[in-house]
Amino acid sequence: MSSKSPDQGLAAVLQVLRGAAGPISGEYLAAQLGLSRAAVWKRVHRLKAQGYVIEGSPRRGYRLLAVPDKLLPEEVLQGLKTRRFTGPIHHFETLDSTNDLAKELAARGAPEGTVVVAETQTGGRGRLGREWNSPPGVGLYISLVLRPMLPPMELPQITLTTAVAVVRAVRRVAGVAPGIKWPNDLLINGKKLGGILTEMETESDRIRHVVVGLGLNVNNPGFPPGLAATATSLTLTAGKAFSRVNLLKVWLEEFEALYDRFLNQGFPEILEEWRRATVTLGTPVTVRQGPREISGQALDVAPDGALLLRTASGEIVRVTSGEISPGSSAEPGV
Ligand code: BTN
């Protein structure tokens, strides 16, 4: 792990360096922070090891020249306007799966608002047991620990809320609005930009904790042959690179605003926004649930997040899980 939680010492040094108009002396830094000059030097050294470019000379002092393109807690928490996500942010260069670690931390009592991010995942997981392609330094691979006082049946609504937050964040940052494919795939021009994997632990009739995992293709210059036909990234869409730190911050802020609305006012308004963003409703689809397939017209999403399909026989079927694809299968409906 490169940084377990925001290191107050490092964050303080960065804050002074960021606020300075020009180079500042080690003596000044030490006085500002109440540290010895040796302690300042050690912290500057640690920041450099994380990728910060800091010019330092005994005569001219220290100057921050560049920050690394990494999802470091010090960067993500800088100016972040959330009440829940105030750290710790657990940041890793490499992790098997941010969801797996977040689940482990949650089981050990990690509070709501705990965040796990990785620059790359070696065992990133998608829905329905799929693998999530997680190349280093180009995507967002992030998991949140939440502890809502809700019954387990409301989990789909948290997933849909997360998808709406991604639509808002991508629109704000990149100026394009992804479509949502039920329940929570984010698409641009019919190709997959991102996905959400929500997992929970329950006790009797309430949620103990939820882990919301988001995978978003941000600066991927391309995809491996098996994915190239179906996946896209913001860079491929907009022809430029985006700050992953900024995108992550905007998503956390949008997520918190929507999650608060969901907890305090219920789901109706968020569902309305989800409906406006979806590309699924009004189209013929086939839902695959293991060996079972259901075809029909996607009519609506119920208040609890279930997809409502009208089959060829006119029956209305509620679908709560599965993978949908456009069009009807050759099989008759249910
Ligand atoms: C899907 O579309 O199937 C969901 C993909 C979810 C991927 C994210 S990446 C961060 C988090 N950690 C994981 O192992 N999976 C989720």
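Remember, it's 1-based here, ligands and their atoms both numbered in the order they're listed.
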**Q.** Taking atom 7 (C) of ligand 1 as the reference point, the nearest protein heavy atom with its distance
**A.** Arg125 O, 3.4 Å
Q: Answer side chain, backbone, both or neither: which part of Asp100 comes under 4.0 Å from ligand 1, heavy atoms only.
A: neither
Q. Side chains of His209 and Glu112: is there a donor and an acceptor less than 3.5 Å apart?
A. no
Q: Determine the minimum heavy-atom distance between Leu193 and Pro178, stating which atoms define it.
A: CD2-CG, 4.0 Å
Q.
Checking Arg37 against Trp41 for the side-chain contact (heavy atoms from CB on, under 4.5 Å) test, could you report, in this order, the C-alpha distance in whole Å, the side-chain angles of both residues, the deciding distance, and whether it holds?
A. CA-CA 6 Å; Arg37 286 184 65 174; Trp41 184 87; over 6 Å; no
Q: Could you find the nearest protein heavy atom to atom 10 (C) of ligand 1 and give me its residue, atom name and distance?
A: Thr98 OG1, 3.2 Å
Q) Which ligand 1 atoms, with their elements, are less than 4.0 angstrom from a heavy-atom of Gly124? A) 14 (O)
(Q) Need the ligand 1 atom indices (1-based, order shown) with element for anything under 4.0 Å from a heavy-atom of Asp185. (A) 2 (O)
(Q) With heavy-atom distances below 4.5 Å as the criterion, would you say the side chains of Leu234 and Ile188 are in contact? (A) yes
Q | Ser233 side chain to Thr235 side chain, donor-acceptor N/O pair below 3.5 angstrom | A | no
Q) Judging by distance only, is a nitrogen or oxygen of Lys192 under 3.5 angstrom from one on ligand 1? A) yes
Q | Heavy atom of the protein closest to atom 9 (S) of ligand 1 (residue, atom name, distance) | A | Gln121 NE2, 3.4 Å
Q: Just let me know how Ile196 lines up against ligand 1, side chain, backbone, both or neither, with a heavy-atom cut-off below 4.0 Å.
A: backbone
Q | Thr286 and Ser295: side chain donor to acceptor below 3.5 Å | A | yes
Q. Which part of Leu214 is near ligand 1, with near meaning a heavy atom under 4.0 Å away: side chain, backbone, both or neither?
A. backbone
**Q.** Nearest non-hydrogen protein atom, atom 8 (C) of ligand 1
**A.** Gly215 N, 3.5 Å
Q | For atom 5 (C) of ligand 1, closest protein heavy-atom neighbour | A | Trp132 CE3, 3.4 Å
Q) Mind checking whether Phe255 and Tyr259 have parallel, tilted or perpendicular rings, split at 30° and 60°? A) parallel
Q. Which pair of non-hydrogen atoms, one from Val218 and one from Val138, has the smallest distance, and what is that distance?
A. CB-O, 3.2 Å
Q.
Looking only at protein heavy atoms, which one is nearest to atom 3 (O) of ligand 1, and what is the separation?
A. Arg127 N, 2.6 Å
Q) Which atoms of ligand 1 sit under 4.0 Å from any heavy atom of Gly126? A) 1 (C), 3 (O), 4 (C), 5 (C)
Q. Looking at Ile142, which atoms of ligand 1 are within less than 4.0 Å of one of its heavy atoms?
A. 10 (C)
(Q) Keeping Thr280 on the side-chain end and Trp182 on the backbone end, is there a donor-acceptor pair under 3.5 Å? (A) yes
**Q.** Minimum heavy-atom distance between Arg208 and Arg147, given as atom pair plus value
**A.** O-NH1, 3.3 Å
Q) Counting from 1, what ligand 1 atoms have a heavy atom of Ser143 closer than 4.0 Å? A) 11 (C)
(Q) Counting only heavy atoms closer than 4.0 Å, does ligand 1 sit against the backbone of Ser134, its side chain, both, or neither? (A) neither
